[in-house]
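Have a look at the structure below before the remarks.
Order of listing sets the numbers, starting from 1, for every ligand and every atom in it. From a predicted model like this one, the values you see are computed outputs, not experimental measurements.
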Amino acid sequence: MSPEPPDLERAVTILRAGGLVAFPTETVYGLGADAASTAAIERLYAVKGRPRNHPVIVHLADAEQLGDWAARVPPKARALAAACWPGPLTLVLPRAKRVPDAVTGGRPGVGLRVPAQPLALALLARFGGGIAAPSANRFGRVSPTTAAHVRADLGADVDVVLDGGPCAVGVESTIVDLTGPVPAVLRHGGVPVERLRKIVGADVLDQPTGPARAPGMLPSHYAPRCRVELAPTPSEARRRCDELRAAGHAADVLDPGPDVDAYARHLYGWLREADDRGLDVLVVVPPPLVGIGAAVRERLEKAAAPRPS
Ligand code: TXA
Ligand code: MG
């Protein structure tokens with residue numbers, strides 16, 4: 001095991017004092033605050049520039065802490081936690097009384113997950129409590145998958161950034177709501193729906209873009225500054241890019257090929273790079289719809305959606 005970074009102790013002290021700590025998870029970097037402290041979470045919302053009625057996920061060191069945060073843990077939730085944690089899966093469960101309204105946005109469910117990242121787990125174990133953490137980007141921007149992304153976005157507004165290197169998964173956790181009779185996927189993510197069905201059976205609602213979608217998942221989420229256009233094939237992408245360039249636009253093609261895991265891992269970095277290069281338009285060939293490809297597509301479709309001006 002690698003030695004613990006000296007920042008870890010400082011991070012715990014900061015969390016206990018109501019401050020903000022950015023930390024790596026296997027999905028994206030999170031901006032963490034003490035989930036039991038309404039004041040700390042208010043600060044989190046202010047720094048993120050996020051509307052107050054959007055709930056945040058509470059991160060835990062292990063599934064044994066579920067009972068501290070959930071009023072009830074249905075058998076299917078137990079099965080999912082046992083099979084997927086630590087890992088990129090968030091379970092929405094009926095909230096325990098002690099969960100601050102600021103965490104759930106006043107909703108009856110609380111989102112919980114145990115991340116699969118050694119530094120995150122070390123932080124959670126030392127802190128002892130739950131850490132509320134949205135992705136460590138400003139509201140509506142591309143999620144950070146390196147410590148440098150976090151610093152570029154949040155700068156001095158975050159008290160410490162723990163650096164765990166690039167995130168292994170690269171897109172956010174899958175969110176499953178278990179407060180109703182049938183598990184419902186609210187967001188595609190690191191755990192593919194096929195895998196959920198293997199664990200709890202075929203009866204899983206999968207309409208994250210329908211009315212049951214996670215609150216705060218706006219149509220134009222995950223977007224870089226440049227416009228994103230989707231093209232069904234590499235040749236179609238090329239043709240469209242040539243057309244845009246002929247019209248005077250700074251355009252390029254993103255066509256990472258069929259490896260969906262690599263696509264997920266690099267997606268957000270590539271979107272940021274497009275902005276750093278000053279592109280007006282990025283023409284993207286989406287990944288195949290297998291495994292984590294569905295989560296990547298969901299992000300790309302949102303990135304390509306019309307934006308409020
Ligand atoms: O992978 C992830 O989930 C990352 C890392 C940091 O853990 N976190 C993340 O958080 O993506 P955030 O806040 O950027 O997105 C969380 C999503 C939001 O769309 C929110 O509405 C939904 O989860 N969510 C959180 N708590 C919820 C709840 N109690 N009920 C319904 N949706 C919830
Ligand atoms: Mg986010």
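- Residues Thr174 and Thr90 fail the side-chain proximity criterion, which asks for heavy atoms closer than 4.5 Å.
- Taking 4.5 Å as the limit, some side-chain heavy atom of Leu178 sits within range of a side-chain heavy atom of Lys76.
- Within ligand 1, counting atoms from 1 as listed, the ones closer than 4.0 Å to a heavy atom of Val92 are 30 (N).
- Proximity of the aromatic rings of Tyr45 and His54 is defined here by a centroid distance below 6.0 angstrom, and this criterion is not met.
- Residue contacts with ligand 1, taken as heavy atom pairs separated by less than 4.0 Å, involve Arg113 solely via side-chain atoms from C-beta onward.
- Listed by number with element, the atoms of ligand 1 under 4.0 angstrom from any heavy atom of Ser173 are 1 (O), 2 (C), 3 (O).
- In this structure, Arg95 does not count as a contact residue of ligand 1, since none of its heavy atoms falls inside 4.0 Å of the ligand.
- Contact annotation: the side chain of Leu119 approaches that of Leu8 to within less than 4.5 Å [non-hydrogen atoms, C-beta and beyond].
- Glu172 places a side-chain heavy atom less than 4.5 Å from the side chain of Ser143.
- For Thr25, no nitrogen or oxygen atom sits less than 3.5 Å from a nitrogen or oxygen atom of ligand 1, counting backbone and side chain alike.
- Ligand 1 places these atoms under 4.0 Å from at least one heavy atom of Ile175: 17 (C), 22 (C), 23 (O).
- The shortest N/O to N/O separation between Glu172 and ligand 1 does not fall below 3.5 Å.
- Ligand 1 has a nitrogen or oxygen under 3.5 angstrom from a nitrogen or oxygen of Thr27.
- Considering only heavy atoms from C-beta on, Leu93 stays 4.5 Å or farther from Arg72 through its side chain.
- By the side chain to side chain contact (heavy atoms under 4.5 Å, CB included) test, Thr13 pairs with no residue at all, sequence neighbours left out.
- Close approach to His59 involves these atoms of ligand 1, each under 4.0 Å from a residue heavy atom: 5 (C), 6 (C), 7 (O).
- By the criterion of a heavy-atom distance under 4.0 Å, neither the backbone nor the side chain of His54 is placed next to ligand 1.
- Close approach to Val110 involves these atoms of ligand 1, each under 4.0 Å from a residue heavy atom: 29 (N).
- Considering backbone and side-chain atoms alike, Leu186 places every N or O at 3.5 Å or more from each N or O of ligand 1.
- Between the Asp159 side chain and the Val21 main chain, no donor and acceptor come within less than 3.5 Å of each other.
- Neither the backbone nor the side chain of Glu26 comes within contact range of ligand 1; no heavy atom lies under 4.0 Å.
- Judged by a 6.0 Å distance limit and a 45° cone about the ring axis, Arg95 is not positioned over the six-membered ring of Trp69.
- Atom CZ of Arg277 is separated from atom CG of Leu282 by 8.0 Å, given to the nearest 0.5 angstrom.
- Contact check for Pro24 versus Leu162: side-chain heavy atoms found under the 4.5 Å cut-off.
- Ligand 1 lies out of reach of Thr104, whose nearest heavy atom is not under 4.0 Å from it.
- No part of Asp177 comes within 4.0 Å of ligand 1, judged by heavy-atom distances.
- At a cut-off of 2.8 Å, Ser135 coordinates the Mg ion (ligand 2) through an N, O or S atom.
- Distances shorter than 4.0 angstrom occur between a heavy atom of Arg107 and an atom of ligand 1.
- The closest heavy-atom contact to atom 25 (C) of ligand 1, among the options Pro115, Gly111, Pro55, Gly170, comes from Pro55.
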